[in-house]
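For reference, the structure discussed in these notes is given below.
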Amino acid sequence: VLLQVLIVFVIIATWILLRTRVGNWIFAAGGNPVSARAVGVPVARVKIGLFMAVGFMAWFVGMHTLFLFNTIQSAQGIGNEFVYIIAAVVGGCLLTGGYGSAIGAAIGALIFGMVNQGIVYAGWNPDWFQFFVGALLLGAILLNTYIDMSTPQDAPAGKHHAPEVPQAGNGRSGVPLVRLVNAGKRYGAVIALHDINMEVSAGEVTCVLGDNGAGKSTLIKIIAGLHQPSSGTYEVEGTPVHFSSPREALERGIATVYQDLAVVSLMPVWRNFFLGNEVRKGPRMDIGAMKKMCKDELLAMGIDLRDVDQP
C-alpha cells in the first residue's frame, strides 16, 4: 500500500511541476533565483514551500514505517542527506537545480535502493557501495559542468524582421502612471540616489541618462519593486505605493526588462516568456495559449523561432 501511495504522490508532483504556475516557479527558483525574483517569482516562499513539502513526505514515510513495524528510530535517516541527493541526481536532477522531474527522482531512488540491497544479497564487500556513491557523485559533477558550459547564454537564434511600432494609448488625463518625489536610496553610508523627481505619463517614452555609477539601475529597480527607496515617495497612477517585491509591481502593471538577460537558461522559451505572469485555466497553466501567444509576440518583435520549446 505504501508503494502505491508514493506512486500517487509522484504523479501529483509531476503534474504540479509540468502543468501549474507553482511548477514553473520551482524550476525558475532552482535555475536562476536572482532572475526569477526580478521578474516577480516569490523565490523565498517557493523554497519554504518545498522544505515544507519535503518535511511532510518525511513525516508520511516515518508514520507508515511505524505502523508497518510497530517501532521506529527517531534518528533514522539522519546522515543520509548526501545519499538522497545522489539518488535524485541518478534520476536526472541537476545538482545546481532548475532541471529534473519527480518521476526521474523516484526512479533514481529505486535504482539506488536496488544497488544497495543487491550488493548485500550478492555477498559483495560493502565498500563497493561507497565506490558506487563516489562514482555517481563524480559523474554528476562532470555532467553539471558539461551542461553549464554548453548552455547558450545568448538570445535564441531565429529569423529577425523589422517589427511594427504600436501606437501608444492615451491613459488617464493629468495623472502620471509613475511618479517619484524626492526619492533616495542609501546602502549604509553610500548614497546611490538623492532627491530624484520623475513623472512618466501614458504614451510617453522616458529616457534616463547618466554616467556609470550614477544610479540608473538603482532607479529602475526601485520602480520595478526590486529595491525599496530609503526616502521620498513613489506613486502609481496617483496612489502612494510601497512595493516589497517585483511581483507586487507586476500586479500593478509595471514590468522590467533588465540589461542582463533575466532568464532561466534551462527552461523553454515560452516558460521564460511568461515567468511570473503565467496564463492559467483554473489551477493549471493554459500551455497551448501561452505557446501561441509567445510565438505571436516574438514575431511581432521580429523574432521567428523554430520552436518555443527550446531552452
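Just so you know, these numbers come straight off a predicted model, no measurement behind them. These values consider heavy atoms only, across backbone and side chains, with no hydrogens, waters or symmetry-generated copies.
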Taking [Y]'s backbone N and O only, do any of them form a donor-acceptor pair with [X]'s side chain (distance below 3.5 Å, no angle check)?
X	Y	answer
Glu297	Cys294	no
Asp211	Ala214	no
Glu204	Val200	no

Donor-acceptor list for residues 15-24 side chains, cut-off 3.5 Å, not counting sequence neighbours:
{"from": "Thr20", "atom 1": "OG1", "to": "Ile16", "atom 2": "O", "distance (Å)": "2.5"}
{"from": "Thr20", "atom 1": "OG1", "to": "Gly23", "atom 2": "N", "distance (Å)": "3.2"}
{"from": "Asn24", "atom 1": "OD1", "to": "Arg271", "atom 2": "NH1", "distance (Å)": "2.8"}
{"from": "Asn24", "atom 1": "ND2", "to": "Glu278", "atom 2": "OE2", "distance (Å)": "2.9"}

Residues in ring-ring contact (aromatic ring centres under 6.0 Å, His included) contact with Phe67, at least two apart in sequence or another chain: none
Those residues at least two apart in sequence (or on a different chain) that pass ring-ring contact (aromatic ring centres under 6.0 Å, His included) with Phe243 are Tyr234
Got a sec, which pairs hit salt bridge (charged side-chain N to carboxylate O under 4.0 Å, His left out) with one end in residues 287-296, sequence neighbours left out? Lys291-Asp309, Lys292-Asp296, Lys295-Asp304
Could you tell me which non-hydrogen atom of Cys93 sits nearest to which non-hydrogen atom of Ala105, and how far apart they are?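 Nearest heavy atoms, Cys93 then Ala105: SG-CB, 4.3 Å.
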Can you find a pair of side-chain heavy atoms, one from Val308 and one from Pro268, that are under 4.5 Å apart? no
For Glu199, what residues pass the side chain to side chain donor-acceptor pair (under 3.5 Å) criterion, not counting sequence neighbours? Arg179
Could you tabulate the donor-acceptor pairs under 3.5 Å formed by side-chain atoms of residues 182-193, not counting sequence neighbours?
{"from": "Asn182", "atom 1": "OD1", "to": "Asn197", "atom 2": "ND2", "distance (Å)": "3.4"}
{"from": "Lys185", "atom 1": "NZ", "to": "Gln228", "atom 2": "O", "distance (Å)": "2.8"}
{"from": "Tyr187", "atom 1": "OH", "to": "His227", "atom 2": "ND1", "distance (Å)": "3.0"}

Kindly state whether the ring of Trp59 and the ring of Phe56 have centres lying under 6.0 angstrom apart.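 Yes, the ring of Trp59 comes within the 6.0 Å limit of the ring of Phe56, centre to centre.
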